[in-house]
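These notes concern the structure reproduced below.
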Amino acid sequence: MSKQKPSIPKGTRDFGPEQMIRRNYILQVIKRTFEKFGFLPIETPSMENLDVLMGKYGDEGDKLLFKILNSGDYMKNVGPDDEFNSIKILPKIAEKGLRYDLTVPFARYVAMNQGTISFPFKRYQIQPVWRADRPQKGRYREFYQCDADVVGTDSLICEAENVLMINEVLTSLGFQDFTIKINNRKILTGITEVIGAKGREAEFCVAIDKLDKIEKKKVIDELVEKGFGKTSIKNIDPFLELSGDNNTLLNKLKELLNDSETGMKGIQEIKAILGYLKDFDYSQKNLSIDLTLARGLTYYTGAIFEVVSNDSSITSSISGGGRYDDLTGVFGLEGVSGVGFSFGIERIYDIMEEKNLFPDENLTTTKVLLANFDEESERYSLSILNQLRNSGISSEIYPESTKLKKQMNYANRKNIPFVLMIGSKEIESQLFSLKNMNTGEQKELDLKNIIEELK
RNA sequence: GUGGUUGUAGUUCAGCUGGUUAGAACGCCUGAUUGUGGUUCAGGAGGUCGCCGGUUCGAAUCCGGUCUUCCACCCCA
């Protein structure tokens, strides 16, 4: 057998112990916050039936879905009629695919379990998703999403609570300078109505969303290219020039959108959300209304959120979400409104690493290593080890008796703060040598005192 | 999907216009120290130069393909 070089698929990653400890730290903060606000966890399968996934993310999305070949002789249904045409062949060779996000599987879950779910239903879900995208900076083919959604109510308290949760998670993780941007799809719809481009909202959103990345002129060019008329373009300008704090912004917007019923509704919604946040005693310092925030996703119908970190090299969003009025409709459950958001933990991780926000004590778990001198020492140590563990002290024994040097080296590299030495001398005297690896200091103590010392 | 970029020891990288035996640093192993790590010193092991093919007397080096890496676009977390 020829040796092969090990490798992993493009766009996937291994996570080593130190990375996992840090990832788990982030996830634990997120979970704790979600649960504090009354959200409960669910999980759905990695794979869904393709008809659940296909057509939910646009043509582009269908291409980016990982499809799973049928088991057994997957070519058995393919015949000459199929002419090597991949579109004709696909449904015959694959009926399952890997999930592309957590939102569609959640909608499927709600529709399937509507009989047993009591609404409003608040769930959170933290699982990997897969996209056959071309990987690049901060983008992978396998990555985690952390979603929290509440469905079955259109109360704007949910939106306000989203802001509170985002703020709590990021603050707990040590983020200091971030902005929670908020906008409303109805306002964007209102703008398209007022500028005389009614019904072209989707194209408008995709273009306008780029304003924070590329200059205004290029966005205008894109709109022109998409066929927006001259008067429409001219009418957009007052909206793009709006400035001021949240309240003045809303007041100016009110005048501009006076003729659009939908637009006015959007303004009311934002006002209501700000009102709730005031009742929650939320300072709103880092909350900013941003009319250029659109988010490409077409299913949003009300509030939309996005969060950016202001003091790091990563400028893309670390969290985002919004309200959707009819996510479960395609699965036969009509009229269920929901609002949800998601954390991008890969980016949060990168920013925390850049800004050194991970606490040090997370780096090691073992508190004490028991040295292994010989067979007698080994057998005697196991009972000591057991008593240490029963006292709640993370401890391990070097699993074979070898040179002490090697064992000390192991402790050193694993960042284990104490080494306990139990050789024939110690067994006889019942006083064990406890070495502090940071100071080099070594004490002879009995077991009771050792446990005290390590607790 | 489009355009560019990268690939040499476990890791980070040298290796000139093709020319004997492909180097360094760090890491790893052994010893100085057979019951004491992180420092020091001495020694050692590790490479079909991503893979396949071509040009050539001769290829890590030039050419083609392929895979991979990273980046930009589309799109998105």
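These numbers come from the heavy atoms of this one structure, side chains and all, not from hydrogens, waters or symmetry mates. Here is how names work: the chains are called A, B, and so on, in the same order as the sequence lines, proteins then strands, and each is numbered from 1.
- In this structure, the nucleotide among rG37(B), rC74(B), rG35(B) sitting nearest to the side chain of Met408(A) is rG37(B).
- Salt-bridge formation is not detected for the pair Lys67(A)/Glu95(A): no Lys NZ or Arg NE/NH1/NH2 atom is positioned less than 4.0 Å from an Asp or Glu carboxylate oxygen.
- Under a cutoff of 6.0 Å and an axis angle of 45°, Arg23(A) and Phe15(A) form a cation-pi pair.
- A salt bridge links Arg13(A) with Glu346(A): the closest approach of a Lys/Arg side-chain nitrogen to an acidic carboxylate oxygen falls below 4.0 angstrom.
- The interatomic distance linking Gln136(A) (CD) with rC73(B) (C1') rounds to 8 Å, in whole Å.
- For Asn412(A) against rG37(B), a side-chain N or O and a base N or O form a donor-acceptor pair under 3.5 Å.
- OP1 and OP2 of rC29(B) both lie 4.0 Å or more from every side-chain N or O belonging to Lys406(A).
- Using a 4.0 Å heavy-atom criterion, one finds that Gly320(A) contacts no nucleic acid atom at all.
- Of the listed nucleotides (rC76(B), rA32(B), rC75(B)), rC75(B) has the atom at the smallest distance from the side chain of Asp133(A).
- Protein atom CZ of Arg23(A) is 12 Å distant from nucleotide atom C1' of rA77(B), rounded to whole Å.
- With both ends at atom P, the span from rU17(B) to rC57(B) equals 22 Å, rounded to whole Å.
- Between Arg141(A) atom CZ and rU69(B) atom C1' there is a gap of 13 Å when expressed in whole angstrom units.
- Closest to the side chain of Glu60(A), out of rC29(B), rC74(B), rG35(B), is rC74(B).
- Rounded to the nearest Å, the gap between the P atom of rG53(B) and that of rU6(B) is 24 Å.
- Between rC29(B), rG31(B), rG35(B), one nucleotide has an atom nearer to the side chain of Ser433(A) than all others, and that is rG35(B).
- Separating the CD1 atom of Ile208(A) from the C1' atom of rC75(B) is a distance of 18 Å, rounded to the nearest angstrom.
- The separation of rU61(B) from rU55(B), taken at their P atoms, amounts to 15 Å, rounded to a whole angstrom.
- Salt bridge present: Lys210(A) and Glu222(A) bring a charged side-chain N and a carboxylate O closer than 4.0 Å.
- Not a single donor-acceptor contact under 3.5 angstrom links the side-chain atoms of Gln442(A) to the base of rG35(B).
- The interatomic distance linking Leu370(A) (CG) with rG37(B) (P) rounds to 18 Å, in whole Å.
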Legend entry - From CA spacing to verdict: salt bridge (Lys or Arg N to Asp or Glu O under 4.0 Å), Arg323(A), Glu159(A): CA-CA 8 Å; Arg323(A) 175 169 292 275; Glu159(A) 274 85 339; 2.5 Å; yes
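- A distance of about 16 Å separates the C1' atoms of rG50(B) and rC70(B), rounded to the whole Å.
- Separating the P atom of rA32(B) from that of rU12(B) is a span of 34 Å, rounded to the nearest Å.
- Although no hydrogens or angles enter the test, the distance criterion places no donor-acceptor pair under 3.5 Å between the side chain of Glu428(A) and the main chain of Lys425(A).
- Put simply, Lys435(A) has no side-chain N or O that comes within less than 4.0 Å of OP1 or OP2 on rU36(B).
- Not a single donor-acceptor contact under 3.5 angstrom links the side-chain atoms of Arg139(A) to the base of rC71(B).
- Not a single donor-acceptor contact under 3.5 angstrom links the side-chain atoms of Arg134(A) to the base of rU69(B).
- The listed nucleotides are rU33(B), rA77(B), rC71(B); the one nearest the side chain of Lys137(A) is rC71(B).
- Between Lys414(A) and rG37(B) there is no side-chain N or O to OP1 or OP2 distance below 4.0 Å.
- The side-chain ring of Phe143(A) is stacked on the base of rA77(B), judged by centre separation under 5.5 angstrom and plane angle under 30 degrees.
- rC67(B) and rC52(B) have their P atoms separated by 15 Å, given to the nearest Å.
- Between Ile427(A) atom CD1 and rG35(B) atom P the separation is 15 Å, expressed in whole Å.
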